[in-house]
**Student:** 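Let me begin by handing over the structure; questions about it come next.
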There are 2 protein chains.
Amino acid sequence: WTVKSVEGIPVLTREFEFKNFAEALTFTNQVGDLAEEVQHHPKIVTEYGKVTVDWWTHKIKGLHKNDFIMAAKTSKLGD
Amino acid sequence: WTVKSVEGIPVLTREFEFKNFAEALTFTNQVGDLAEEVQHHPKIVTEYGKVTVDWWTHKIKGLHKNDFIMAAKTSKLGD
């Protein structure tokens with residue numbers, strides 16, 4: 001995970017690689033399920049063979065402990 | 001749909017709004033199924049209450065008739 005700045009807001013971001021679109025979309029859904037469980041939602045970019053996940057906390061316009069926890073959980077799904 | 005330039009490549013793009021994350025993700029899956037049917041794949045950005053879909057043709061680094069067809073089919077799903 002790296003931190004990028006999006007319109008001045010720090011965002012945790014990571015790319016995950018897959019064999020094709022279907023596998024990428026499966027991962028997107030797994031991350032989506034994780035997000036729904038805790039009602040904290042990332043931005044997920046689904047492409048052929050690649051998913052990019054961004055975690056940050058809208059309310060504080062930055063990174064909260066929860067974002068790092070969600071990033072770790074996302075990695076567990078994707079690695 | 002509008003045309004935006006991504007690294008010099010023209011891309012058809014449109015945002016679709018939803019009530020929450022779950023409904024956005026459902027739409028992402030519908031667009032994904034559409035893409036798998038014809039093995040032509042967009043970039044789909046899934047966020048809370050919003051999905052952004054980009055269609056273009058990698059091989060020609062631009063827009064092909066198929067992209068406009070897929071955009072129209074995507075709109076049918078989202079409207």
Side-chain angles (χ1 to χ4, degrees), chain A residues 4-64 66-67 69-71 73-74 77-78, chain B residues 4-64 66-67 69-71 73-74 77-78:
Chain A
K4 67 179 175 185
S5 177
V6 178
E7 293 169 20
I9 296 167
V11 170
L12 273 178
T13 189
R14 187 181 156 186
E15 287 183 11
F16 296 86
E17 294 195 357
F18 300 93
K19 274 196 306 220
N20 50 39
F21 188 84
E23 289 194 8
L25 188 55
T26 296
F27 181 69
T28 293
N29 279 287
Q30 290 171 333
V31 176
D33 288 346
L34 192 66
E36 283 291 285
E37 277 172 29
V38 296
Q39 286 294 308
H40 183 46
H41 301 93
K43 177 176 178 175
I44 311 175
V45 183
T46 310
E47 297 173 86
Y48 190 95
K50 187 169 85 171
V51 174
T52 308
V53 183
D54 289 359
W55 287 105
W56 79 101
T57 300
H58 301 252
K59 201 187 280 182
I60 61 169
K61 293 189 179 179
L63 295 173
H64 183 273
N66 280 341
D67 297 305
I69 292 169
M70 295 309 287
K73 288 186 178 178
T74 303
L77 290 174
Chain B
K4 66 179 175 185
S5 175
V6 180
E7 293 170 20
I9 295 167
V11 169
L12 273 178
T13 190
R14 188 182 156 186
E15 287 183 11
F16 295 86
E17 293 194 358
F18 300 93
K19 272 195 305 216
N20 52 37
F21 188 84
E23 288 194 8
L25 188 54
T26 297
F27 180 69
T28 294
N29 279 288
Q30 290 171 333
V31 176
D33 289 345
L34 193 67
E36 283 292 283
E37 277 172 29
V38 296
Q39 285 294 306
H40 183 46
H41 300 95
K43 177 177 178 176
I44 312 176
V45 183
T46 311
E47 296 172 87
Y48 190 96
K50 185 168 86 170
V51 174
T52 308
V53 183
D54 288 0
W55 286 104
W56 79 102
T57 301
H58 301 250
K59 200 187 279 181
I60 61 170
K61 292 189 181 181
L63 295 173
H64 183 273
N66 280 342
D67 297 305
I69 292 168
M70 295 308 287
K73 286 185 178 177
T74 303
L77 290 174

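Note: hydrogens, waters and symmetry copies are ignored here, and every other heavy atom, side chains too, is used. Chain identifiers are assigned alphabetically (A, B, ...) following the order of the sequence lines, protein sequences preceding nucleic acid strands; residue numbering begins at 1 within each chain.
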**Student:** Is there a side-chain contact between A:L77 and A:L34 (heavy atoms, below 4.5 Å)?
**Tutor:** yes
**Student:** Output the option from A:G32, A:A35, A:A24 having the highest count of non-hydrogen pairs under 4.5 Å with chain B.
**Tutor:** A:G32
**Student:** At what distance, to the nearest 0.5 angstrom, does CG of A:N66 lie from CH2 of A:W56?
**Tutor:**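 The CG atom of A:N66 sits 14.5 Å away from the CH2 atom of A:W56.
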**Student:** Check B:T13, B:T74, B:D67 against B:W55 for a side chain to side chain donor-acceptor pair (under 3.5 Å) and give me the one that passes.
**Tutor:**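 Of the listed options, the one satisfying the test is B:T74.
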**Student:** Quick one: pull up CG in B:L25 and OG1 in A:T46 and give me the separation to the nearest 0.5 Å.
**Tutor:** 8.0 Å
**Student:** Under a 4.5 Å heavy-atom cutoff, which of B:H41, B:E36, B:E47 has the most pairs with chain A?
**Tutor:**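 Looking at each option in turn, the highest pair count goes to B:H41.
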**Student:** Looking at B:V45, B:I44, B:D33, which one has more heavy-atom pairs under 4.5 Å with chain A than the rest?
**Tutor:**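 Heavy-atom pair counts peak at B:I44.
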